[in-house]
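Below is one structure, written out as structure tokens, with a few remarks after it.
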Amino acid sequence: MRYIETDTITNVVAKLCIEANYYLPEDVLQAIQTFKEKEISEIGRDILAQLIQNQEIARAQKVPICQDTGMAVVFVELGQDVHINGDLYQALNDGVAKGYKEGYLRKSIVADPFLRANTGSNTPAVIHIKLVPGDKLKITVAPKGGGSENMSAVKMLKPADGMEGVEDFILKTVEEAGPNPCPPIVIGVGIGGTMEKAALLAKEALLRPLGSRSPHQHIAAMEERLLEKINKLGIGPQGFGGSVTALGVNIEVFPCHIASLPVAVNINCHVSRHMSAEI
Amino acid sequence: MGTIYLSTPLTTEKVEKLRAGDRVYISGTIITGRDAAHKRLIETIQSGSELPINLASQIIYYVGPTPARPGEVIGSAGPTTSGRMDPYTPILLEKGLKGMIGKGSRSKEVKDAIRKYKAVYFASIGGAAALAAQQIKNARVLLYPELGPEAIYEFEVEDFPVIVVNDCYGGDLYIDGIKKYHRILNADI
């Protein structure tokens, strides 16, 4: 049994919130750089160059890449041989509040969907805890912007709709989103499980490095096919028209009921942020 | 599609010179406002009270900036999705608002009102918020400080880069741009 203090967790989460908002992950930066060479629109290339410049300023001046510093989505892999001295959820939320205050991040959370008073601390976070073997605690903070999250969708398809039906739904979701989610976008897709499982898979898919492929051959082929189709929609950087609408499509799958084919599409903007640490 | 240097206030005469696709650099004073501030302004109008701000010839920037570090003018300040302001926009245009800066598509009602009242909708680059902040030279909270990031600010901007999406003649960069590249990219089919 390994003991971990809540203070340690709070401090790590605070640091992750700040770093995730200041520093664009290397794989996302590399994807923007690679796709800039492929963009056929002049204004599109110009925008991609400005996105690179923007993250350089953010990194150097330690300011958020985007003013929407997101709702804090926290993924925890908790080793079953770990004992936490205190309330884990409280420790995580304290870390989010600390990070958003000390990092001069925007507090974007309202306490009630209808009364809409700002909580002032960017809490509560959305927390997903997974129990795993071992005595480590792995934390990933993925701040999620509202503009791109709003363009996401879940649909329960029929098994007869098959791969074609799933691809049509994903394409339609991206097309309808158009310029709103700040293209070039990253698309996380969850297929299978139940309604909520598909949605969580889609969110987890956004954490997978850009350029990596699903270990399942037919899904990897689907990822590549979809990226090509999406980039032929013509939406382009910021929706002004162009050949780079998406930087990547990551798909996660899970077994499902004989009657079901759930699909979730979670859209992320080009500021596809996440930062992890292991305690 | 040209490059235009524009100073505020934004008069009808200046609006008439702008075309969808033009790159524009704005200098002068602009105001900010997003969801909660829009709701309050509209509630004020609907209650028959006087607006606490004169909207004539104004440009509104849809933004909720991050807090400024001590000694800094503002934090990061890129545009938010404009479509959420659509239900409130036509009535503000009727009150004299001339320009809007945001990102993403507008409703048919807003586009019609842009033509009717001779206004313009600009986009700035969503997600390039640290870069945008460099063109903001001064910032102060004008109204609704209790709304935090949703307060109405007054910004002094210098060569703030935007692009015209909807002009007062019905031009629409999103529709035309996407159509054009969709055609080019699918020409071989």
Side-chain angles (χ1 to χ4, degrees), chain A residues 21-22 40-41 43-44 46-47 50-51 53-69 100-101 103-108 110 116 118 120 145-148 150-151 175 177-183 231-243 245 269-271, chain B residues 1 20-21 23 34-36 39 63-70 72 74-84 102-106 123-134 146-150 161 163 165 173-189:
Chain A
N21 274 295
Y22 291 175
I40 59 170
S41 140
I43 188 164
D46 189 31
I47 287 164
Q50 289 187 54
L51 297 184
Q53 199 191 345
N54 180 65
Q55 67 81 35
E56 281 166 6
I57 295 169
R59 187 176 289 272
Q61 298 187 358
K62 298 195 189 315
V63 293
I65 304 160
C66 179
Q67 81 291 335
D68 185 352
T69 51
Y100 275 70
K101 182 170 185 284
Y104 294 91
L105 308 179
R106 196 180 77 184
K107 289 82 185 169
S108 311
V110 293
R116 305 200 75 83
N118 199 305
S148 56
N150 285 350
M151 296 297 115
E175 196 169 10
N180 290 11
C182 294
N231 283 336
K232 278 196 170 183
L233 289 173
I235 297 169
Q238 295 295 308
F240 299 143
S243 55
T245 300
C269 59
H270 55 83
V271 191
Chain B
M1 287 186 262
R23 293 193 195 207
R34 46 174 296 151
D35 309 55
K39 187 163 182 272
V63 59
T66 61
R69 282 177 184 277
E72 297 291 330
I74 194 85
S76 297
T80 193
T81 313
S82 311
R84 293 195 315 274
K103 52 121 178 157
S105 315
R106 307 310 300 262
S124 60
I125 302 181
L131 190 63
Q134 297 203 317
E146 64 279 13
L147 293 180
E150 296 208 66
I163 186 160
V165 174
L173 175 63
Y174 288 140
I175 290 179
D176 296 345
I178 293 170
K179 211 182 273 173
K180 177 182 161 189
Y181 282 93
H182 184 267
R183 206 169 42 229
I184 293 171
L185 292 164
N186 297 278
D188 52 333
I189 294 170

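Quick note on labels: first sequence line is chain A, next is B, and so on, each numbered from 1. Side chains included, hydrogens not; waters and symmetry mates left out as well; all remaining heavy atoms used.
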> Which one, A:Ser243, A:Gly236, A:Gly44, A:Cys269, leads in non-hydrogen pairs under 4.5 Å with chain B?
Replying inline: A:Ser243
> Between B:Pro67, B:Ser82, B:Pro161, which shows the greatest number of heavy-atom pairs under 4.5 Å with chain A?
Replying inline: B:Pro67
> Picking from B:Gly104, B:Pro149, B:Gly127, which has the most non-hydrogen pairs under 4.5 angstrom with chain A?
Replying inline: B:Gly127
> Under a 4.5 Å cut-off applied to non-hydrogen side-chain atoms, are B:Ser105 and A:Pro179 in contact?
Replying inline: yes
>> Test side-chain contact (heavy atoms from CB on, under 4.5 Å) on A:Ile235 and B:Tyr174; report intermediate values, then the result.
In response: CA-CA 8 Å; A:Ile235 297 169; B:Tyr174 288 140; over 6 Å; no
> Contact part of A:Asp68 toward chain B, heavy-atom cut-off under 4.5 Å: side chain, backbone, both or neither?
Replying inline: neither
> Relative to chain A, which segment of B:Ile163 carries a heavy atom at a distance below 4.5 Å: side chain, backbone, both, or neither?
Replying inline: side chain
> Are any side-chain N or O atoms of B:Thr80 and backbone N or O atoms of B:Val63, one a donor and one an acceptor, separated by less than 3.5 Å?
Replying inline: no
>> So for B:Ala77, is it side chain, backbone, both, or neither that comes closer than 4.5 Å to the heavy atoms of chain A?
In response: backbone
> Given a strict heavy-atom distance threshold of 4.5 Å, which part of A:Thr69 is in contact with chain B: side chain, backbone, both, or neither?
Replying inline: side chain
> What option among A:Pro64, A:Cys66, A:Gly145 has the most heavy-atom pairs under 4.5 Å with chain B?
Replying inline: A:Pro64
> Taking only residues two or more places apart in sequence, or in another chain, which ones meet B:Tyr181 in a ring-ring contact (aromatic ring centres under 6.0 Å, His included)?
Replying inline: none
> Short question: side chain of B:Arg69, backbone of A:Lys62 - any donor-acceptor pair under 3.5 Å?
Replying inline: yes
> Under a 4.5 Å heavy-atom cut-off, does chain A meet the side chain of B:Gln134, its backbone, both or neither?
Replying inline: side chain
>> Can you tell me which portion of B:Thr81 sits under 4.5 Å from chain A's heavy atoms? Options are side chain, backbone, both or neither.
In response: side chain
>> Given heavy-atom pairs under 4.5 angstrom as the criterion, report whether the side chain, backbone, both or neither of A:Glu56 touches chain B.
In response: neither
> What are the two closest heavy atoms between B:Ser76 and B:Ala133, and how far apart are they?
Replying inline: CA-CB, 4.3 Å
> Side chain, backbone, both or neither: which part of A:Ile65 has a non-hydrogen atom closer than 4.5 Å to chain B?
Replying inline: both
> Under a 4.5 Å heavy-atom cut-off, does chain B meet the side chain of A:Val63, its backbone, both or neither?
Replying inline: both
> When rounded to the nearest 0.5 angstrom, what is the spacing between CZ in A:Phe240 and CG in B:Leu173?
Replying inline: 6.0 Å
> Measuring from A:Gln53:CD to B:Leu131:CG, what's the distance to the nearest 0.5 Å?
Replying inline: 5.0 Å
> Does any heavy atom of chain A fall under 4.5 Å from the side chain of B:Ala68, the backbone, both, or neither of them?
Replying inline: backbone
> Non-hydrogen atoms of chain A under 4.5 Å away: do they reach the side chain of B:Arg34, the backbone, both or neither?
Replying inline: side chain
> Does the B:Lys103 side chain pair with the main chain of A:Asn180, one donor and one acceptor, at a distance under 3.5 Å?
Replying inline: yes
>> Would you say that A:Asn231 contacts B:Leu185 through its side chain, given a criterion of any heavy-atom pair below 4.5 Å between the two side chains?
In response: no
>> Can you tell me which of A:Thr245, A:Leu105, A:Asn118 forms the most heavy-atom pairs within a distance under 4.5 Å of chain B?
In response: A:Leu105
> Taking B:Gly75, B:Gly64, B:Ala36, B:Gly102 one by one, which has the highest count of heavy-atom pairs under 4.5 Å against chain A?
Replying inline: B:Gly64
>> Between B:Glu150, B:Arg84, B:Glu146, B:Arg23, who has the most heavy-atom pairs with chain A when the cutoff is under 4.5 Å?
In response: B:Arg23
> For A:Arg116, does the CZ atom sit with more than 12 other heavy atoms under 6.0 Å from it, leaving out its own atoms?
Replying inline: no
> Any side-chain heavy atom of A:His270 within less than 4.5 Å of one from A:Pro183?
Replying inline: no
>> Using heavy-atom distances under 4.5 Å, tell me whether A:Asn21 contacts chain B through its side chain, its backbone, both, or neither.
In response: neither
